[in-house]
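All heavy atoms count here, side chains included; hydrogens, waters and symmetry mates do not. For ligands, and for the atoms within them, numbers begin at 1 and follow the listed sequence.
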Amino acid sequence: MKATVGDYLLERLRDWDVEHVFAYAGDGINGILAAWGRAENKPQFIQARHEEMAAFEAVGYAKFTGRVGVCMATSGPGAIHLLNGLYDAKLDHVPVVAIVGQTSRSAMGGSYQQEVDLLALYKDVASEYVQMVTVPEQLPNVLDRAIRTALAERAPTAIIIPSDVQELDYSPPSHAFKMVPSSMGVDWPTAVPDDEAIGRAADILNAGGKVAILAGQGARGARREIEEVAELLGAGVAKPLLGKDVLSDELPYVTGSIGLLGTRPSYEMMKHCDTLLTVGSSFPYTQFLPEFGQARGVQIDIDGKFIGMRYPNEVNLVGDSAATLRALIPHLKRKEDRDWRQAIEAGVAGWWQTMDQEAEVGADPINPMLVFRELSLRLPSDAIVTADSGSSANWYARQLRFRGEMRGSLSGNLATMGPGVPYGIGAKFGHPDRPVIVFAGDGAMQMNGLAELITVKHYWREWSDPRLIIAVLHNNDLNQVTWEMRAMEGAPKFTESQRLPDVSYEGFARSLGLHGIAVDKPGDVGLAWDQALAANRPTVLDLRTDPDVPPIPPHATFEQMKDAAAAMLKGDPDRWGVLKEGFKTKVQEFLPGKGD
Ligand SMILES: Cc1ncc(C[n+]2csc(CCOP(=O)(O)OP(=O)(O)O)c2C)c(N)n1
Ligand SMILES: [Mg+2]
């Protein structure tokens, strides 16, 4: 039998070293599925429960491996379901290729069943590259460009293949007019700015007395260089959410997260610095950066499209972060006055003590911060951690101390609910030998995480380290939004929209043959982590956490927090006493005199 377009597609994916395709079947891709049956399941077809999950799995896989993630879905509804995951890739700058089916060419334009204008639908999400393959000769070029463009632009791209085209005999592009050949592979350059620009940047960094560094996900791979620059300049380093794993939290000058979910030391550093060096970040919240005119700014980013747009910088250097910092380092003068650095370090030390104290504050029944703190004390140094969108993102940002080779990510810019569990699954396929820990709210579990546990059941035996731990913050509430309503709208909880039906997450896990542990006492949290980390299969930790523990923004005053809490506690004023202790600790630490 001659190779079909479907056969050749899989062969070319193999040639690109694609080992997994996160996907869901449908007759719009039957020609590819049939080819898969002939290809001994190479690349491996990973069956998600829902195409959005397949896309999230591809995003998680790409985030944690640095390789391209590939997802596939049928025409119409399948392609539509992929969208949210593809937008997650787009907003977080992750290389993902979506391959989707389409109705046969003979039916196109005929309002045929499942016919959706996919070129139009994907035009925005796959704005870097979306193309329909209508003849076999197009295929290698379109696929190769989709992969190369995804990698080059760190973006999702898409290929649409009509179902009848999948079944055609493959014939390669020939040496003829209007044929476009293609070749495999690509060697990327290491971009470094010109010496003159490096010199201007160095002058600014040398002139400043109080340097703050903002190191985002683009600084991954520049760990050593950031440490050296921070050392020379006596700087502190703040990390936006997606950059949480670029630098160890054990370094005394790392101020941790920044923004609404950030830390007080990051907030203070940005308020008082006179120089801002941004590396590999397009952290969007300007109000958490220095006032305009307060600091002189230098930015390094690999992508000229995303540079210079968050702060009025004096120098915008387009280049690879590690190589650019290496070019800068010989021009930097060590700052002999270390007062600024010492103040940052003192703030950081105080902050971690405050975090410990906050985690110890009593709650009903479990303080969610305690859950994160207890894990932080036990995190294996090769762990990969994901968090869903919800209150867990706060505690992920503030309570976890990353060190060693730990990796972590969440939906940073789309901030969509639902990626926690599928990111974890993507991580396990990328790194089957590493422990993976997922934090998810009960809302996210009900939205999709529970169903995706079935995917975990289906595949976990393939992972050499079977530890995938899903920690569910069981608070029966869409808690993050409940708090946003209180803090921003001054509105009390609207029960109809916020309260969640009760579900046993550990019971569901056990029904699938996974390990399930219900925890409803603070004293049992540490033991539950120990058991999950020692388990020989994936574990769901079903943790009864208190929805009344507020995610306190780093800049909030005690009065604001009290108001928010008072609104929240209208029906139950006694609860204020429990929370007040925690608020006080934090406020007294940083706002002496305003603690009561
Ligand atoms: C797809 C999607 N729908 C809605 C939201 C708005 N949203 C953000 S966090 C959140 C609450 C999440 O609740 P849960 O998963 O229970 O976590 P919790 O905050 O209670 O810990 C909601 C509704 C969103 N970000 N994404
Ligand atoms: Mg919840």
Side-chain angles (χ1 to χ4, degrees), residues 50-53 55-56 59 80-92 125 241 259-261 284 363-372 375 385-400 410-424 437-453 470-489 491 493-506 508 519-520 525 540-553 564 568:
H50 183 300
E51 292 84 353
E52 184 177 325
M53 302 306 107
F56 283 145
V59 178
I80 294 167
H81 269 179
L82 285 181
L83 276 178
N84 197 45
L86 297 180
Y87 271 107
D88 187 40
K90 184 180 178 83
L91 270 64
D92 278 358
V125 73
L241 269 183
L260 212 51
L261 314 187
D364 183 17
I366 297 173
N367 179 342
M369 288 184 264
L370 181 72
V371 173
F372 289 73
L375 172 66
V385 187
T386 77
D388 215 282
S389 299
S391 68
S392 60
N394 295 279
W395 322 127
Y396 166 90
R398 298 208 190 106
Q399 282 283 349
L400 294 182
L410 37 61
S411 174
N413 291 295
L414 187 61
T416 177
M417 279 174 75
V421 176
Y423 271 19
I437 293 129
V438 172
F439 286 98
D442 41 7
M445 290 306 286
Q446 293 181 17
M447 186 177 270
N448 57 14
L450 282 173
E452 215 47 27
L453 288 181
I470 294 142
V472 183
L473 300 192
H474 188 157
N475 54 22
N476 288 11
D477 187 38
L478 295 174
N479 197 234
Q480 182 69 12
V481 173
T482 302
W483 276 105
E484 284 165 358
M485 291 278 293
R486 288 168 182 148
M488 292 174 197
E489 310 292 330
K493 175 168 169 173
F494 174 51
T495 312
E496 284 305 306
S497 70
Q498 300 311 106
R499 193 174 56 199
L500 290 169
D502 197 47
V503 170
S504 170
Y505 303 93
E506 56 93 21
F508 188 84
V519 190
D520 58 9
V525 173
V540 170
L541 292 182
D542 186 339
L543 301 138
R544 288 278 179 174
T545 54
D546 188 344
D548 290 343
V549 173
I552 309 165
M568 169 254 313

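- As for Asp477, its N/O/S atom nearest the Mg ion (ligand 2) is the one called O.
- Taking the Mg ion (ligand 2) as reference, Asp442 places its N/O/S atom OD1 nearest.
- Counted by atom type alone, Thr416 and Asn84 present one or more donor-acceptor pairs between their side chains at under 3.5 Å.
- A donor-acceptor distance shorter than 3.5 angstrom exists from the side chain of Asp442 to the backbone of Asn476, with no hydrogens or angles considered.
- Not one N or O on the side chain of Gln399 forms a donor-acceptor pair closer than 3.5 Å with the backbone of Val371.
- Among protein residues, Ser389, Gly390, Ser391, Ala415, Thr416, Met417, Gly441, Asp442, Gly443, Ala444, Asn475, Asp477, Leu478, Asn479, Gln480, Val481, Leu500 come within 4.0 Å of ligand 1, judged on heavy atoms.
- Contact annotation: Asn475 places an N, O or S atom under 2.8 Å from the Mg ion (ligand 2).
- Distance alone, capped at 3.5 Å, is enough to place a donor-acceptor pair between the Trp483 side chain and the Pro547 backbone.
- Judged purely by atom type and a 3.5 angstrom limit, Asp520 has no side-chain atom pairing as donor or acceptor with the backbone of Arg544.
- Between the CG atom in Asp388 and the OH atom in Tyr423 there is a gap of 9.5 Å [rounded to 0.5 Å].
- A donor-acceptor pair under 3.5 Å is formed between the side chain of Asp92 and the backbone N or O of Asn413.
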